[in-house]
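Position 1 is the first residue of the sequence; numbering continues from there. Small disclaimer: the values here were computed from a predicted structure and weren't measured.
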Amino acid sequence: MFDRRSFGKIMGASAAGASVAGMPTASVAASDGETSSTPSTAKRGHTSFGPLKQIRAGELSVGYAEVGPAHGPVVILLHGWPHDIHSFVDVAPLLAARGYRVIVPYLRGHGTTRFLSGKTFRNAQQSVIALDIIALMDALKIEKAVLAGFDWGSRTADIIAALWPERCKALVSVTGYLITNRERNKSPLPPQAEWAWWYQYYFTTERGLLGLRANAHDLAKLIWKFNSPTWDFDDATFDRTAAAFDNPDYVSIVIHNYRWRLGLAEGDPRYDRLENRLAAGPVIGVPTVTLDGERDPFTPAGDGSSYRDKFSGPYAHRTLKNIGHNVPQEAPEAFAEAVVEADGLDHR
């Protein structure tokens with residue numbers, strides 16, 4: 001989810017994104033005020049990726065889905081919390097049909113991803129999650145990929161695009177620029193914004209830790225309903241994702257992530273240099289499409305203007321009407337379209 005200070009920062013206008021020919025879209029409001037509402041014709045309702053794969057990468061054994069031609073251009077799709085790879089279960093086939101090799105990994109603490117050693121610090125600071133994806137790319141011998149994500153996945157993709165642009169061909173980032181500055185996170189937001197973050201503060205307490213441990217599934221379902229108020233998901237859809245929370249490190253990773261962001265938990269000193277660079281708010285220069293869900297409680301005001309100055313390369317922005325926080329699962333056609341568009345931005 002977005003860097004908390006971005007709510008109050010309105011900096012400039014965004015460029016509008018054009019539709020990609022042949023790819024159906026959701027209802028989109030471009031940042032120049034134009035609106036399109038193209039009915040979706042793509043088939044939805046995929047329930048599985050089929051057999052998952054596993055590979056040793058860095059300090060993890062990473063579980064991931066792979067769809068599409070083995071030698072196609074690579075797209076890596078990164079999920080958020082409390083979600084998993086099934087956020088992309090309809091996006092991946094759309095991209096595979098366009099010739100992309102699609103990789104969808106479980107982030108640390110989720111699904112079939114496991115730590116190789118029981119002695120490893122269960123660290124969830126922002127830089128280490130990005131390093132997980134770099135390690136995965138190295139293990140799969142992927143030099144460069146389009147990176148696309150939401151929530152934790154947006155932050156991770158943003159970090160790689162900012163610090164290792166040679167590994168990121170293009171970027172799709174829901175809610176724009178999410179790189180965390182912990183010092184700025186100490187400042188309070190307006191009450192409505194603080195209210196939306198209730199679970200972040202809950203997790204700073206011992207009660208929150210015990211609550212997540214005892215009620216992980218029910219808590220996640222409550223957050224899904226709050227963060228995506230127009231999404232009419234069924235129990236089977238939720239249960240497929242909730243299975244990913246049975247990972248033995250799930251609670252430790254979630255709690256550390258939110259406490260670290262608020263400066264209430266320490267990270268690993270080995271990554272201090274990277275975190276100092278991220279705290280400075282590095283500008284992202286790779287071709288980028290940013291997406292905002294209109295009904296996402298974490299979408300900042302200003303139709304993308306609050307983070308526009310953080311993207312210096314070819315750029316487009318869209319606001320998705322009546323869509324909440326889990327953009328790829330609520331609007332898979334629009335998300336897939338954004339990936340194809342971002343990949344083509346530097347060729348215009």
Side-chain angles (χ1 to χ4, degrees), residues 1-3 6 14 16-17 19-20 23-31 35-38 40 42 44-46 75-95 102 104 107 146-158 161 170-178 196 220 223-233 237-238 240-241 288-304 306-307 311 315-343:
M1 298 171 184
F2 74 103
D3 185 333
S6 66
S14 302
S19 294
V20 177
M23 182 78 75
T25 66
S27 177
V28 174
S31 57
T35 302
S36 66
S37 183
T38 304
S40 169
R44 295 197 189 187
H46 296 88
V75 177
I76 299 176
L77 303 176
L78 301 171
H79 69 81
W81 183 87
H83 300 278
D84 82 329
I85 64 174
H86 290 90
S87 289
F88 302 103
V89 74
D90 287 316
V91 172
L94 289 170
L95 294 173
V102 184
V104 194
L107 299 185
V146 178
L147 300 176
F150 74 107
D151 196 84
W152 290 22
S154 286
R155 180 174 297 104
T156 302
D158 288 352
L171 172 69
V172 174
S173 184
V174 175
T175 329
Y177 190 87
L178 300 186
I223 291 169
W224 276 32
K225 291 177 179 178
F226 179 81
N227 289 355
S228 297
T230 60
W231 183 31
D232 187 22
F233 61 88
T237 297
F238 175 77
R240 279 189 290 273
T241 286
T288 298
V289 173
T290 57
L291 299 173
D292 283 342
E294 180 195 39
R295 298 298 301 276
D296 182 350
F298 305 105
T299 291
D303 213 15
S306 63
Y307 49 73
F311 300 96
Y315 180 80
H317 173 78
R318 297 174 182 175
T319 294
L320 305 183
K321 295 295 185 182
N322 296 315
I323 298 299
H325 188 68
N326 185 5
V327 169
Q329 203 160 3
E330 296 179 60
E333 299 86 2
F335 193 91
E337 179 185 345
V339 171
V340 175
E341 182 179 9
D343 190 26

- Evaluate the criterion ring pair (Phe, Tyr, Trp, His ring centres under 6.0 Å) for residue pair F311 and H317; output intermediate values, then yes/no. CA-CA 11 Å; F311 300 96; H317 173 78; 9.6 Å; no

- Item | Least distance between heavy atoms, T175 atom then P300 atom | CG2-CD, 3.7 Å

- Message: For a 4.5 angstrom cut-off between non-hydrogen side-chain atoms, does L95 reach F88?
- Response: no

- Query: Of the non-hydrogen atoms in T241 and P82, which two are nearest, and what is the gap between them?
  - Reply: CG2-O, 4.2 Å

- Kindly determine whether Y307 and D292 satisfy side chain to side chain contact (heavy atoms under 4.5 Å, CB included), including the steps that lead there. CA-CA 11 Å; Y307 49 73; D292 283 342; 2.9 Å; yes

- Item | Residues Y315 and T290: side-chain donor-acceptor under 3.5 angstrom | yes

- Message: Counting C-beta onward and ignoring hydrogens, is there a side-chain heavy-atom pair between F298 and V174 closer than 4.5 Å?
- Response: no

- Item | Validation row: T237, Q329 side chains within 4.5 angstrom (heavy atoms) | yes

- Query: Would the W224 and H83 ring centres measure less than 6.0 Å apart?
  - Reply: yes

- Message: Do N326 and P328 have side chains that approach each other closer than 4.5 Å (heavy atoms only, starting at C-beta)?
- Response: yes

- Any ion pair linking E330 and R295 (charged N to carboxylate O, less than 4.0 Å)? no

- Item | Sub-4.5 Å side-chain heavy-atom contact between I223 and W81 | yes

- Taking side chain to side chain contact (heavy atoms under 4.5 Å, CB included) as the test, write out the residues that go with S173, two or more places apart. S154, D158, L171

- Query: Between the side chains of T230 and N322, is a donor N or O closer than 3.5 angstrom to an acceptor N or O?
  - Reply: no

- Item | Heavy-atom pair of closest approach, residues A196 and P297 | CB-CB, 4.3 Å

- Message: Can a donor-acceptor pair be found, under 3.5 Å and without considering hydrogens, that links the side chain of H325 to the backbone of G293?
- Response: no

- Item | Minimum side-chain heavy-atom gap T299-E294 below 4.5 Å | no

- Task: Among I323, V289, L94, L77, find the one that has a side chain to side chain contact (heavy atoms under 4.5 Å, CB included) with F335.
- Result: L77

